[in-house]
Amino acid sequence: MPIELPKQYDPKDVQPRWIEFWQKQHLFDANPNPAKKPHTIMIPLPNVTGALHMGHALNGTLQDLITRWRRMQGYEALWMPGTDHAGIATQAVVERRMLEEERKTRHDIGRESLVKRIWKWKNEYEVRILNQLKQLGASCDWRRTRFTLDDVCSAAVRKTFFKMFKDGFIFRGKRLVNWDAYLQTAVADDEVFHETVKGHFWTFTYPVAGTNETIAFSTTRPETMLGDTAVAVHPADERYAHLVGKMVRLPLDGREVPIIADAILVDRNLGTGVVKVTPAHDPNDYACGQRHKLQMINILNPDGTLNENASRWQGLDRYEARKQVVAEMEKLGHLVKIEDRDIEVAHSDRSKTPIEPYLSDQWFVKMETLAENAMNAVRTGKVRFYPGRYTKTYLDWLGEKRDWCISRQLWWGHRIPVWKHSLPSDPQLVQKLGDLDATIEKIRRAGDPAAKIEELLAARDALVGDSISVRSGFMAAKYGDDVAAQRIVDEKTGEMVILVCVQGDRPSVEADLNKFGFTQDPDVLDTWFSSALWPHATLGWPDETHNPPLNGEPDPSGHGKNTVLPYFYPGSVLITSRDIITLWVARMVITGLYNMGDVPFKHVHVHPKILDGFGQTMSKSKGNGVDPMDLFDKYGVDAVRFTITSFAGENQDVRLPVGYECPHCGDVIPQSLEHQTAKPGGGAKPRVKCPKCKNQSQFSSPWFEPDPGELVARVVSERFEYGRNFCNKLWNASRFAMLNLEGYSPGPIAESDLMLEDRWILSRLATTAKTINNQLGEYQFDAATRALRDFTWNEFCDWYVEMIKPRLRDPDRRPAAQRMLVGVLDTLLRLLSPFTPFLCEELWQRLGEIAPQRGLLEPQPAASACMIAAWPALPDGWRDSSLESRFERLQEIIVAVRNVRAMYRIEDKVELALHVRCQPDVAVQLNDVAGQFENLAKTVLKGVGLDVSRPGTSASFSLNDADGFIPLEGVVDREAELARQKKEAEKIRGFITGHQRKLSNESFVAKAPPEVVDQVRETLAGLEKQLASVADVVKQLGGD
RNA sequence: GGUCGCUUAGCUCAGUUGGUUAGAGCGCCACGUUGACAUCGUGGAGGUCACUGGUUCGAGUCCAGUAGCGACCACCA
């Protein structure tokens, strides 16, 4: 009994079944297997801030595609899933929501309670994100799902921090940071965006002390005058040369500060050529302050109000202070003018509030050597970028070697594992302790008996009393390698500060520290610190004795060793988007080299970004993110995968115009910028109005969930019809095959049974398979997708399937045709499986019911699942270019006949006759396939050979090596045919002229490669012959 | 400001080391539903390859410049 498939592919019926099947069969699991080569991809961990959008769908599809391809090739393919706690981003989302809904800030509810709320948010979105990936068909080893704050990742963070601390790569420093006064935290340079706002440009004067002169300067932030510690001019500026070295008196608080000369800070052609210098609140001024050893006065409190350094303006918000300071200066007669000006103001990407440059204590990673190593890894080709141009982005950024500020004044994240304690300022004591510590360390390193150390420690204790061996931070003797210490001097108080870093979770050590008055640093680490460790942390590093847990349970399979890490590390390829080459990719290379001594991955593929219909990148903050689930629902997962894969080329971002499908009438309403930014105002959800049926509906948006029970206008995009139509085409080709497999018996296909079309499709199949393989190896996803579509649609369906139909109806030739058909389909499904896994699995399983044994050219038992079937490797010997060109001639003739038929509006049921004038060898070949003219063009090949002449009233066409005539008694319109032929002749003449011009150009003949010249001659000869035939026909028709 | 891309048919995009007549999908026009598929078939129309100059026998392709668009980095007292 033939299996009857529905006429249309129904993805919703298919997808859930195979997700479950694959999972149950453990086909996504990857375990160390010495018999196989590993292939490892680490997911670019999505933030738990919100649901995934199309950018993630593309990223996920490409990773899945490569993973599935490698798995079929026989690799032990691991795709490691997980999510990122995304420190600032997540805390900001939760805080913002809390403020909007409850009018509360984190300070109202406290650290513990806020963190609890964030965990709740995280749990919700993690589930949602992982589910989106599962729906996509992502073949991740879900047992290994990690989260950057889980125990496994935390252990790696603690270990890395400790190691860097001990090795001196982590240090405490005062730096000018981007201060977010709303969130009260430093934010990274990367988390700052600039926005033009309307502002003012004030010009003031300062009186020069001891003279009658004043000096004029301009600023956009007058309140920072309270923190001025100098006024700078250009050293070569004659206008001010006599003032350098003098002092100015600040009218606001009466302080006197020097006039200095600084060629770097000052551009004498700008404004008045004078710059006020506020080292604590401006990056350039800070650098200048360092050069001139200026005092640095911080005038801000963490919340953006002015502090005790702001004299009588203390306590005011900085913007209020600005107004009052300006008024005061005006009152004192020091305001010269106010201009309106557009000012680019730095804003925090997280809170959207203006950034204040702010001097504060932060933790840093020293980048000098770490960056150099990471650069070398790329320079030497240990890590390779695809496309290669991104190498420059990476190297340029690392080349700056800017120290990495890793502390954040947040509550959500990895707490910095450092405890500190201050000792009173006493230079003598510090000196003595230092000497003693040095001695102890020397002895310890030399491996001398502990007793000796104890003695020295006792001496230390005697110096300052009360277990100072602990307090001093010199804890190695007591805790061995579990602790490391640094000693710094607080600039402000002059106190000696002991910083103790504890390796891993050591409750007893922490208890001791607390006992001796140490307090843990309240800050948390930059989220990139933990994500930088992702490639080795997820594999269990630094645990050498256990495999990382599976589904949260211990994995005993390592038998006392971590076998997972050495097997899967280093990874094979990282597939990501270009905006995190610096933030993430570079840092993973750094930590990989530092912790593992090897790069984290060999290739980095950077794929395009998906833009909206207006050319903007998709992001949550723009509100233009498209939920892939809407599209899965409308077009099916495979269609979405296939379509976005076809986008993924090497150099262009992809524009994806979308619309909303009206739930009332089905009309599509194009998305506008208003739709993207529409948010619920006063509780009511925004609606979109359908111009056709005039109904209004709520619509999909990243900003809000539509109300339950509402009819929702979902996102659609006609671009996905490309994928949907393709899936349906393959579905129906398979349907055709299955309908024609009745009586199928497996068996080898004899060479002698192979017809021209069989050899042709094998040749094309072998070529296509090889092409795809090469393209995937170069991450040319768009090309691979096109090649597969073209083969499937234009070769397999349009020609092969059509050509074997007669044989399937002929009992004698049917068995071989069936074997060929099912064999080709089998191979095709395997080639397509990484691209459209659900469709292929469904068809594979159904095919398995009818033809469990199949293959080219020998039958084999089919694999139990398409996704683990062997990747096709077809013999090179099947590729036959001369056969392919013979086949092309057949195609050309058939197209020409169809053309004539269309031209003269001759119905398909009317049979035509065809006469072909050609060389004897061509005649033999055409006679061999005579049946195909009947089959594909309803045309009988009447005469063929050199002696064929044009029958009376006939339409004709001319090919390179054949002229065709189709007698059309009473149908041919002589005038029309004449016009057609004349037009054809004109066209050929045009080409001929072009070729002749080339050949008559002496330098072309002399300088072009001989084979090129020969080719032109050959083509010209062919064209001339063709023209002669056409001219002959024109003559017969009575033309000239 | 620096860097890297992009500009090819109405739309979205391919175009491998320069070499016959520049391609695809969608859309458009005409015709077609007896058996895989109208999410389809057959045929067709549609492009001075952003602009200017250069290299070359030959440029969509290489080089320089101009304009527009985008991304990343840095920065605007």
Side-chain angles (χ1 to χ4, degrees), chain A residues 5 7-9 189-190 194 201 217-221 224 232 265-267 270-278 282-285 288 343-344 346 387 389-390 392-393 396-397 400 578-579 581-582 608-609 611 615-617 635 639 643 646-647 649-657 718-719 721-740 778 780 782-783 786 789-790 794 797-798 801-802 805 895 898-903 905 907-909 937 987-988 990-991 994-995 998 1001-1009 1011-1013 1015-1016 1018-1020 1022-1023:
Chain A
L5 262 60
K7 282 196 174 188
Q8 283 185 7
Y9 172 52
D189 291 344
D190 339 299
H194 291 82
F201 194 60
F217 60 89
S218 302
T219 179
T220 57
R221 293 186 297 154
T224 60
L265 181 67
V266 181
D267 178 346
L270 271 182
T272 62
V274 180
V275 181
K276 67 188 224 35
V277 186
T278 324
D282 181 277
N284 294 317
D285 293 5
C288 173
I343 299 167
E344 288 280 304
R389 72 186 120 95
Y390 291 109
K392 191 168 159 48
T393 308
D396 285 355
W397 187 80
E400 292 184 27
R578 79 176 91 86
D579 38 10
I581 290 173
T582 54
K609 303 187 74 164
L611 313 177
Q616 315 177 93
T617 53
Y635 304 99
T643 306
S646 79
F647 293 162
E650 289 198 326
N651 38 27
Q652 242 179 165
D653 288 342
V654 180
R655 227 172 241 243
L656 183 66
E718 62 179 23
R719 299 203 59 186
E721 290 171 14
Y722 176 81
R724 184 198 56 185
N725 295 356
F726 174 77
C727 289
N728 197 55
K729 188 72 179 175
L730 181 69
W731 176 264
N732 274 292
S734 306
R735 179 172 184 265
F736 169 81
M738 292 181 209
L739 286 170
N740 284 281
E778 299 281 316
Q780 293 168 358
D782 58 336
R786 260 198 314 277
R789 185 192 183 277
D790 288 349
N794 304 342
C797 292
D798 286 354
V801 167
E802 292 304 324
K805 280 180 178 174
V895 167
R898 286 172 178 168
N899 191 333
V900 166
R901 195 185 278 278
M903 175 84 191
R905 304 274 155 83
E907 286 180 50
D908 284 351
K909 48 188 145 186
K987 201 167 136 196
I988 298 171
F991 302 151
H995 284 66
K998 263 193 178 175
N1001 181 342
E1002 280 173 32
S1003 43
F1004 171 72
V1005 181
K1007 293 184 183 173
E1011 62 270 22
V1012 172
V1013 178
Q1015 201 186 11
V1016 172
E1018 202 178 303
T1019 311
L1020 180 61
L1023 285 167

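Residue numbers begin at 1 in each chain, while the letters A, B, ... track the order of the sequences.
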Problem - Secondary-structure notation, RNA chain B, from Watson-Crick and G-U pairs under 3.5 angstrom (| other strand) - result: (((((((..((((.....[...)))).(((((.......))))).....(((((..]....))))))))))))....
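- A salt bridge does not link A/Lys276 with A/Asp285: every distance from a Lys NZ or Arg NE/NH1/NH2 to an Asp or Glu carboxylate oxygen is 4.0 Å or more.
- Spacing between B/A30 and B/G35 at atom C1', rounded to whole Å, works out to 26 Å.
- In terms of position along RNA chain B, the nucleotide closest to A/Tyr9 lies nearer the 5' end than the nucleotide closest to the other residue of the pair A/Tyr9 and A/Val1005.
- For A/Asp908 and A/Arg898, the salt-bridge test fails: no basic side-chain N is under 4.0 Å from an acidic carboxylate O.
- For A/Lys805, the side-chain hydrogen bond (donor to acceptor under 3.5 Å, both in side chains) criterion is met by A/Glu802, not counting sequence neighbours.
- Atom name P, nucleotides B/A71 and B/U61: the rounded distance is 26 Å, in whole Å.
- The same atom, C1', is picked in B/A67 and in B/G27; the two are 30 Å apart, to the nearest Å.
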Fill in the blank from the handout: Protein heavy-atom contacts under 4.0 Å, written 5' to 3' over nucleotides 13-26 of chain B as B (base), S (sugar-phosphate only) or - (none), form the string SS----BBB---SS
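- The distance from atom CG of A/Leu730 to atom C1' of B/C37 is 11 Å, rounded to the nearest whole Å.
- Taking atom C1' in both B/C26 and B/A36, the straight-line distance is 23 Å, to the nearest Å.
- Atom CG in A/Leu5 sits roughly 17 Å away from atom P in B/G35 (whole-Å rounding).
- Considering only side-chain atoms of A/Lys609, the nucleotide from B/G43, B/C37, B/A71 that sits closest is B/A71.
- Proximity of A/Asn899 to the phosphate of B/G44: a side-chain N or O atom is located under 4.0 Å from OP1 or OP2.
- A/Phe1004 is listed as a side-chain neighbour of A/Val1016, based on a closest heavy-atom distance under 4.5 Å.
- With B/C57, B/C37, B/C73 as the choices, the nucleotide that has an atom nearest any side-chain atom of A/Thr582 turns out to be B/C73.
- The base of B/A36 sits within donor-acceptor range of the side chain of A/Glu802, with an N or O pair under 3.5 Å.
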Practice task
Run the numbers on A/Ile581 and A/Trp397 for side chain to side chain contact (heavy atoms under 4.5 Å, CB included), then give the verdict.
Solution key: CA-CA 9 Å; A/Ile581 290 173; A/Trp397 187 80; over 6 Å; no
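- Across all strands shown, A/Val895 has heavy atoms under 4.0 Å from sugar-phosphate atoms exclusively, and none from any base.
- To the nearest 0.5 angstrom, A/Cys797 atom SG is 10.0 Å from A/Phe736 atom CZ.
- A/Arg735 contributes no side-chain N or O that, together with a main-chain N or O of A/Leu730, makes up a donor-acceptor pair within less than 3.5 Å.
- The distance between atom CG of A/Asp396 and atom P of B/C73, rounded to the nearest whole Å, is 12 Å.
- A/Lys805 comes within 4.0 angstrom of a nucleotide base, judged by non-hydrogen atoms across all strands.
- A gap of 47 Å separates the P atoms of B/C63 and B/U39, to the nearest Å.
- Atom CZ in A/Arg578 sits about 11 Å away from atom P in B/C73, given to the nearest Å.
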Practice task
Test A/Val277 against A/Leu265 for side chain to side chain contact (heavy atoms under 4.5 Å, CB included), laying out the working first.
Solution key: CA-CA 9 Å; A/Val277 186; A/Leu265 181 67; 3.8 Å; yes
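- Taking the P atom of each, B/G32 and B/U21 are spaced 37 Å apart, rounded to whole Å.
- The P atoms of B/A45 and B/U52 are separated by 28 Å, rounded to the nearest whole Å.
- As rounded to whole Å, 14 Å separates atom C1' of B/U42 from atom CD of A/Glu907.
- For the pair A/Phe736 and A/Arg389, both in contact range of RNA chain B, the more 5′-proximal nearest nucleotide belongs to A/Arg389.
- Atom pair A/Lys909:NZ and B/G32:P shows a separation of 10 Å (rounding to whole Å applied).
- Within 4.0 Å of A/Cys797, counting heavy atoms only, lies at least one base atom of the nucleic acid.
- Here B/U42 is the nucleotide among B/U39, B/U3, B/U42 with the atom lying nearest to any side-chain atom of A/Asp798.
- Between the side chain of A/Lys729 and the base of B/C37, at least one donor-acceptor pair of N or O atoms lies under 3.5 Å.
- Counting heavy atoms from C-beta on, the side chains of A/Pro657 and A/Arg719 come closer than 4.5 Å.
- Per the geometry, CG belonging to A/Leu739 stands 12 Å off P belonging to B/G35, to the nearest Å.
- Distance CG (A/Asp908) to C1' (B/G35): 15 Å, rounded to an integer number of Å.
- The shortest distance between the side-chain N/O atoms of A/Lys7 and the OP1/OP2 oxygens of B/C37 is below 4.0 Å.
- Contacts of A/Glu400 with the nucleic acid, taken as non-hydrogen atoms under 4.0 Å apart, involve only primed sugar atoms and P, OP1 or OP2.
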Practice task
Take A/Arg578 and A/Tyr390, measure what side chain to side chain contact (heavy atoms under 4.5 Å, CB included) needs, and give me the verdict at the end.
Solution key: CA-CA 8 Å; A/Arg578 79 176 91 86; A/Tyr390 291 109; 3.4 Å; yes
